[in-house]
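In listed order, ligands and their atoms are each counted from 1. Residue indices begin at 1 and follow the sequence shown.
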Amino acid sequence: MSPIGIFGGTFDPIHYGHLRSAFEMLQALRLSEVRFFPSGDPPHRGSTYATAQLRLEMVRAAAAGQPGFVVDDREMRRDGPSYTIDTLNSLRKEHPDASLGLIVGMDAFLGLTSWHRWDEFLGLAHIVVAHRPGWRAPDIGALGDIIDRYGTHQIDDLHDKTHGKVHIHAVTQLEISSTEIRELVAAGRDPRFLMPDVVRDIIVDNHCYT
Ligand code: ATP
């Protein structure tokens with residue numbers, strides 16, 4: 001039972017940090033696919049910089065041609081805030097017997113307890129944490145507890161069970177962030193080599209961060 005990887009984000013814009021993590025997860029965890037979910041109205045932050053439509057276009061362009069990369073726009077089609085719990089519930093309905101793995105970076109994982117109904121996530125999916133530069137796994141508090149109780153080093157556990165495990169996985173550390181890319185573009189510099197050229201072209205053509 002190969003897990004479906006669920007990779008949500010603002011992707012404002014998508015960059016090689018996201019893509020490399022997703023690709024390494026796809027291969028190392030033997031996922032059936034990684035599904036990208038660009039958020040419509042992210043509850044954690046103010047408005048986005050590029051429009052939802054443009055962010056979706058960038059994610060689609062970045063994922064095109066990579067077997068196993070799938071783009072899912074349901075969060076953009078939903079009204080109101082993009083809550084992960086709603087995405088997990090709707091995926092679970094569509095795939096009642098599949099293994100689902102919610103992929104988050106360590107920075108996102110450390111903020112997990114502020115996510116809407118986060119304590120229901122493990123009842124629906126596994127949580128797979130991608131190590132990011134400069135972040136350590138928590139060993140105390142609510143997150144330390146769930147790592148203690150549900151943590152596993154065994155990739156097979158993610159295949160044998162449909163949900164309920166936490167797996168921390170080191171990925172190649174690419175110190176790239178969307179924030180830095182937006183600042184760089186706003187300063188008139190070229191974001192080439194931080195993202196696929198097709199994504200850079202969309203940014204240049206639409207002047208979305210200038
Ligand atoms: P921003 O700088 O605007 O906050 P970001 O670059 O962190 O954006 P998001 O779209 O907010 O990107 O992140 C989506 C997911 O990708 C999160 O789980 C985040 O932890 C992860 N992620 C972001 N950048 C990287 C990176 N360089 N390497 C690995 N994972 C990353």
task = Taking only heavy atoms of V104 into account, list the atoms of ligand 1 that are under 4.0 Å away from them.
result =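 Heavy-atom distances to V104 below 4.0 Å select 18 (O).
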inquiry  = Within ligand 1, which atoms have a heavy atom of S177 less than 4.0 Å away?
reply    =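 By the 4.0 Å cutoff, the relevant atoms are 2 (O), 6 (O).
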message = Within the 4.0 Å heavy-atom shell around S178, which atoms of ligand 1 are there?
response =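 Taking each heavy atom of S178 in turn, ligand 1 has 1 (P), 2 (O), 3 (O), 5 (P), 6 (O), 8 (O), 12 (O) under 4.0 Å.
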Ligand 1 atoms in contact with G9 (distance to a heavy atom under 4.0 Å) =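 Answer for ligand 1: 10 (O), 14 (C).
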request  = Using a 4.0 Å heavy-atom cut-off, say whether H15 meets ligand 1 through its side chain, its backbone, both or neither.
outcome  =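 Contact part for H15 vs ligand 1: side chain (C-beta onward).
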key: Expected output: side-chain E24 to main-chain T172 donor-acceptor under 3.5 Å   =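 Between the backbone of T172 and the side chain of E24 there is a qualifying donor-acceptor contact (under 3.5 Å).
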query = Does Y16 have a heavy atom less than 4.0 Å from any atom of ligand 1?
reply =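 Contact check Y16 vs ligand 1: negative.
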task = Pick whichever of I103, T179, V59, T172 has a heavy atom sitting closest to atom 1 (P) of ligand 1.
result =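 Looking at heavy atoms only, the winner is T179.
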ask   = Does V171 offer a backbone N or O that forms a donor-acceptor pair with the side chain of H131 under 3.5 Å?
value =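 Between the backbone of V171 and the side chain of H131 there is no qualifying donor-acceptor contact (under 3.5 Å).
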request  = Using the six-membered ring wherever Trp is involved, compare the ring planes of F7 and F11 and label them parallel, tilted or perpendicular (cut-offs 30° and 60°).
outcome  =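 The rings of F7 and F11 stand perpendicular, inter-plane angle above 60°.
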key: Selection from L174, D12, I181 by shortest heavy-atom distance to atom 27 (N) of ligand 1   =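 Closest candidate by heavy-atom distance is L174.
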Exam field: side chain H159 to backbone L29, donor-acceptor pair closer than 3.5 Å =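 Yes; judged by distance alone, with no hydrogens or angles, the pair exists.
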inquiry  = Return the CG to CZ distance between L91 and R35, rounded to the nearest 0.5 Å.
reply    =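 It is 5.5 Å, given to the nearest 0.5 Å.
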request  = Compare all side-chain heavy atoms of D197 with those of R192 and state whether any distance is below 4.5 angstrom.
outcome  =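 D197 reaches R192 side chain to side chain.
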key: Check: M106 N/O within less than 3.5 Å of ligand 1 N/O   =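 The answer is no, given that M106 and ligand 1 share no N or O pair closer than 3.5 Å.
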task = Verify whether one side chain among R74 and S90 offers a donor that lies under 3.5 Å from an acceptor in the other.
result =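 Yes - a donor-acceptor pair under 3.5 Å links their side chains.
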message = With heavy-atom distances below 4.5 Å as the criterion, would you say the side chains of M195 and I203 are in contact?
response =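 M195 vs I203: side chains touch.
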task = Determine yes or no for a side-chain-to-main-chain donor-acceptor pair under 3.5 angstrom, with S39 supplying the side chain and S82 the backbone.
result =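 Side chain of S39 to backbone of S82: no pair is present.
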query = Any N or O of F11 that comes nearer than 3.5 Å to an N or O of ligand 1?
reply =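 Yes.
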ask   = Can you check whether I155 reaches R30 side chain to side chain, under 4.5 Å on heavy atoms?
value =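 Answer yes - side chains close enough.
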ask   = What atoms of ligand 1 come within less than 4.0 Å of a heavy atom belonging to G105?
value =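 Per the distance check, 18 (O), 20 (O).
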query = Numbering the atoms of ligand 1 from 1, which are under 4.0 Å from a heavy atom of R182?
reply =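 Near R182, the atoms of ligand 1 are 3 (O).
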task = Give a yes/no on ligand 1: does E180 have at least one heavy atom closer than 4.0 angstrom to it?
result =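 The answer is no: ligand 1 sits nowhere under 4.0 Å from a heavy atom of E180.
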query = Quick one: are H163 and R92 in side-chain contact, heavy atoms under 4.5 Å?
reply =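 In short, these two side chains touch, coming nearer than 4.5 Å.
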ask   = N/O to N/O below 3.5 Å, does that happen between V171 and ligand 1?
value =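 The answer is no, given that V171 and ligand 1 share no N or O pair closer than 3.5 Å.
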request  = Classify the contact between S21 and ligand 1 as side chain, backbone, both or neither, using a heavy-atom distance cut-off of under 4.0 Å.
outcome  =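 S21 to ligand 1: side-chain contact only, backbone stays beyond 4.0 Å.
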task = Identify, by atom number and element, the atoms of ligand 1 in contact range of G8, meaning under 4.0 Å from any of its heavy atoms.
result =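 It comes down to these atoms of ligand 1: 14 (C), 15 (C).
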D107: numbered ligand 1 atoms lying under 4.0 Å from its heavy atoms =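 Contacts of ligand 1 toward D107, numbered from 1: 19 (C), 20 (O).
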